[in-house]
Amino acid sequence: MSRDTTDTTDRRTLLKLTGGAGLVGLSGCLSTTDDGGEGGEGGEGGEGGEGDDGGDSTEAYEIGMVDSQTGSLSAFGERNQRGVNLALSRVNEIGINGRDLDIVVEDSESENQGGIAAAQKLVNQDGVPFLIGAVGSGVSLAIYESVIEGTDVVQLSQNSTGLNLTEFPGLLRMSPSGRSQSLALSNLITDDGYDEVAITYVNNDYGQSLTDAFVDAYNGEVVYNTPHDQDQQSYSSVISEMNSSGANAWLFITYQAEFATMVNEVYSSGYEAQFYGADSVSGDNVLENTPEGSIEGMKIVVPSAPVEEENYQSFADAFESEYGRQPTSWAAYAYDCVINAALAIQAADEFSGAALQDTVRRVSGPEGEEVTSFEAASQILADGGGPDDVDYQGVSGPINFDENGDPVGFLQVLEVQDHAYEGIDFIEG
């Protein structure tokens with residue numbers, strides 16, 4: 001996916017959700033479980049989860065999550081954790097068959113090898129049957145190919161938008177494919193009257209796939225199309241070449257830190273162009289590290305939750321009450337990953353990867369009764385309903401996974417006005 005920024009996770013909330021134990025190092029267990037806790041109101045009735053593992057009924061269900069707690073995508077990881085924590089509190093207020101849900105979080109360090117090591121620990125040592133992860137598309141795919149493929153473990157990525165994930169239907173994702181984002185960028189630049197564009201993209205699967213899709217969709221001429229590496233101190237040669245291309249529209253498909261460096265070099269060089277960007281270039285990190293006026297009028301296409309829907313507004317109100325700020329779509333995707341996992345667990349005959357593979361798509365499928373909260377969905381299951389009787393409508397949108405494991409998505413067009421992001425349009429993907 002991309003990169004976003006936020007403040008450090010609220011320690012008070014984190015301690016509350018971990019029962020006061022906190023997180024050890026860069027990994028830990030997010031939980032509302034206290035020793036001897038009651039496990040919520042939803043423990044009676046229902047067919048789901050009856051087979052579990054035969055242990056103590058108060059023992060928590062444990063799943064895993066690979067997140068970017070450090071590295072180039074850590075800002076996304078911080079936003080993820082807020083959404084995860086809020087969802088976990090909602091689930092454990094009710095309980096799953098009288099038990100809590102625990103999430104063991106491991107750090108990918110925003111790199112493929114780090115993600116593989118984290119997933120191996122969760123799957124092979126901790127034995128989790130359900131894995132949320134990861135942020136970066138390359139990391140998610142590396143985890144799937146190295147750890148998940150050929151097993152029964154469910155993998156559901158919270159933030160990956162890379163187009164090539166569609167080729168791996170066993171890898172589910174909550175955020176939509178970047179293909180619709182590339183098409184929207186193409187239409188936006190064309191509608192703004194530009195028939196030439198210069199593109200630079202981050203040299204990985206995310207950058208390459210979005211760029212290729214844009215080039216396929218764009219009817220104008222791409223006069224510059226060159227990748228760049230991450231974490232460079234200067235991108236002056238890239239910026240100079242984009243300026244020399246003669247294009248008046250520049251498209252950036254990169255991450256916040258890299259883009260901020262580029263903006264400063266454009267600004268100091270006195271170059272001028274109309275900027276466009278993929279979702280990964282937007283965030284507080286860019287605004288805080290670039291001069292006011294340096295990106296005025298830039299337009300960015302980002303995945304978006306359906307912010308006008310009542311369930312999203314309820315989520316946003318709860319999020320703001322808890323954290324003192326509005327959520328991003330990335331927090332909404334992470335929230336829905338947890339809710340979807342919890343419902344899949346409750347609807348399953350046993351707590352195993354094979355059973356969860358059978359229920360994870362069905363509890364948010366279109367056949368069931370539309371519900372917009374874990375409480376309502378859980379009640380249907382507790383009253384004897386099966387996975388096909390529930391259609392959980394997420395705060396990030398309807399979660400109807402297609403045959404490729406991709407959901408329906410929404411997009412928003414942001415424009416930089418007075419050094420702040422303002423939404424100017426919505427697009428259904």
Side-chain angles (χ1 to χ4, degrees), residues 1-10 67-82 108-111 135-136 159 161 185 198-204 206-207 210 226-243 249-303 323-331 412-424:
M1 116 156 224
S2 33
R3 213 185 267 192
D4 210 332
T5 191
T6 188
D7 297 330
T8 305
T9 304
D10 186 294
D67 207 8
S68 291
Q69 297 181 316
T70 60
S72 59
L73 301 177
S74 59
F76 278 110
E78 291 168 0
R79 289 191 185 271
N80 281 337
Q81 291 306 315
R82 291 174 185 256
S108 71
E109 300 176 358
S110 303
E111 298 290 345
V135 177
N159 291 162
T161 59
L185 280 165
I199 308 171
T200 186
Y201 62 91
V202 63
N203 192 16
N204 61 18
Y206 165 75
L210 260 69
T226 301
H228 58 267
D229 292 330
Q230 292 177 239
D231 302 319
Q232 302 299 299
Q233 292 186 341
S234 174
Y235 294 97
S236 59
S237 61
V238 172
I239 295 305
S240 177
E241 290 168 2
M242 293 181 80
N243 185 64
W250 294 7
L251 174 59
F252 298 89
I253 301 177
T254 187
Y255 298 136
Q256 289 180 55
E258 288 74 13
F259 180 61
T261 299
M262 293 177 189
V263 169
N264 282 295
E265 291 177 336
V266 170
Y267 192 72
S268 63
S269 299
Y271 301 148
E272 293 185 359
Q274 173 61 47
F275 285 2
Y276 295 89
D279 62 278
S280 48
V281 303
S282 64
D284 294 342
N285 184 57
V286 173
L287 300 179
E288 292 167 358
N289 291 287
T290 57
E292 289 198 18
S294 58
I295 52 174
E296 188 71 14
M298 181 178 188
K299 295 180 180 179
I300 305 166
V301 175
V302 300
Y323 302 117
R325 68 201 66 215
Q326 284 290 299
T328 65
S329 57
W330 309 112
Q412 185 178 22
V413 180
L414 305 179
E415 185 176 60
V416 178
Q417 300 175 6
D418 297 325
H419 215 61
Y421 301 110
E422 299 292 341
I424 61 172

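Owing to the predicted nature of the structure, the values given are computational and were not obtained by experimental measurement. The first residue of the sequence shown is numbered 1, and numbering continues consecutively from there.
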Item to check | Contacts of type side-chain hydrogen bond (donor to acceptor under 3.5 Å, both in side chains), residue Glu241, not counting sequence neighbours | outcome: Tyr224
Test item: [X] side-chain N/O and [Y] main-chain N/O as donor-acceptor pair under 3.5 Å:
X: Ser110; Y: Thr70; answer: yes
X: Ser329; Y: Pro303; answer: yes
X: Tyr255; Y: Ser280; answer: no

Between [X] and [Y], is any pair of side-chain heavy atoms under 4.5 Å apart?
X: His419; Y: Ile295; result: yes
X: Gln232; Y: Glu258; result: no
X: Arg79; Y: Asn159; result: no
X: Arg325; Y: Arg82; result: yes
X: Val135; Y: Trp330; result: no
X: Tyr276; Y: Val301; result: no

Next on the checklist: For Phe275, give me all partners under ring pair (Phe, Tyr, Trp, His ring centres under 6.0 Å), at least two apart in sequence or on another chain.
Outcome noted: Trp250, Phe252
Checklist entry - Under the salt bridge (charged side-chain N to carboxylate O under 4.0 Å, His left out) rule, what pairs show up with a residue in residues 291-303, not counting sequence neighbours? => result Asp192-Lys299
Checklist entry - Stepwise, does the side chain to side chain contact (heavy atoms under 4.5 Å, CB included) test hold for Thr254 with His228? => result CA-CA 9 Å; Thr254 187; His228 58 267; 2.7 Å; yes
Next on the checklist: Whether the Ser234 and Glu265 side chains hold a donor-acceptor pair (N or O, under 3.5 Å, no angle test) is what I'd like checked.
Outcome noted: yes
With sequence neighbours excluded, tell me which residues meet side-chain contact (heavy atoms from CB on, under 4.5 Å) with [X].
X: Asn264; answer: Thr290, Pro291
X: Ser268; answer: none
X: Gln412; answer: Val302, Ser304, Leu414, Phe426

Next on the checklist: Is there a side chain to side chain contact (heavy atoms under 4.5 Å, CB included) between Val281 and Met298? Walk through the geometry before answering.
Outcome noted: CA-CA 11 Å; Val281 303; Met298 181 178 188; 3.7 Å; yes
Next on the checklist: Can you give me the closest heavy-atom contact between Ser74 and Gln69, atom names plus distance?
Outcome noted: CB-O, 3.6 Å
